Engineer: 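Encoded as structure tokens, here's the structure I'll be asking about.
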Amino acid sequence: MQGKIPQFSLSGEENPEVPQKDALAKQKVSMYAGRRANAKPLPIREVDTVLLRQEKKNKLSKTAQYTQYTVFQKKGSMVTAERTTDGRMVPRNTKDFKSCPPSTKETTRATLVDKVDDATVAAKPPSTVSECS
């Protein structure tokens, strides 16, 4: 039996819309799986200030380290954070970090100025207008 074996090309060179349809189908499957799993968007982004969750060794140990880290790089659920005090890099999963609001001197100063302004406004007596007759 002599003959040629049929050959098929699986590349998308023949039809340019095949890769587009494939990408669309993968996106639909991903969205459906996310809805079924109640997936939520990850709240931690690069340049965010976070606290690192530490292992609970006994009932008196703290659940988070109180040194602040800055998110350096994020790839999927893996986060690499840099400690603000000494620059140590720590790669961990997203679940091991807790986002915290940045406590900077400027925000503290701004709130103090607002409180002082509110206090001076409250201390002033209301102005009275006298009518001339």
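Worth knowing before you read on, the calculation uses all heavy atoms, side chains too, and leaves out hydrogens, waters and symmetry mates. Just so you know, these numbers come straight off a predicted model, no measurement behind them.
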Engineer: Has Met78 got more than 12 heavy atoms of other residues, nucleotides or ligands less than 6.0 Å from its CE?
Structural biologist: yes
Engineer: Would you confirm whether Thr80, through its side chain, and Phe72, through its main-chain N or O, come within 3.5 Å as a donor-acceptor pair?
Structural biologist: no
Engineer: Can you list the residues that meet the salt bridge (Lys or Arg N to Asp or Glu O under 4.0 Å) rule with Arg92, with sequence neighbours excluded?
Structural biologist: none
Engineer: Can you tell me how far the CD atom of Gln68 sits from the SG atom of Cys100, to the nearest 0.5 Å?
Structural biologist: 4.5 Å
Engineer: Can you tell me how far the NZ atom of Lys98 sits from the OG1 atom of Thr49, to the nearest 0.5 Å?
Structural biologist: 14.0 Å
Engineer: Quick one: are Lys74 and Arg45 in side-chain contact, heavy atoms under 4.5 Å?
Structural biologist: no
Engineer: Just wondering, are more than 12 heavy atoms of other shown residues or ligands nearer than 6.0 Å to NZ in Lys56?
Structural biologist: yes
Engineer: Of all the heavy-atom pairs spanning Lys62 and Gln54, show the shortest one and how long it is.
Structural biologist: O-NE2, 3.1 Å
Engineer: Linking Ile, Leu, Val, Met, Phe, Trp and Tyr by side-chain heavy atoms under 4.5 Å, what else ends up with Val50?
Structural biologist: Ile44, Leu52, Tyr69, Val71, Val79, Val90, Phe97
Engineer: For the residue pair Lys95 and Arg53, what are the closest heavy atoms and their distance?
Structural biologist: O-NH1, 3.0 Å
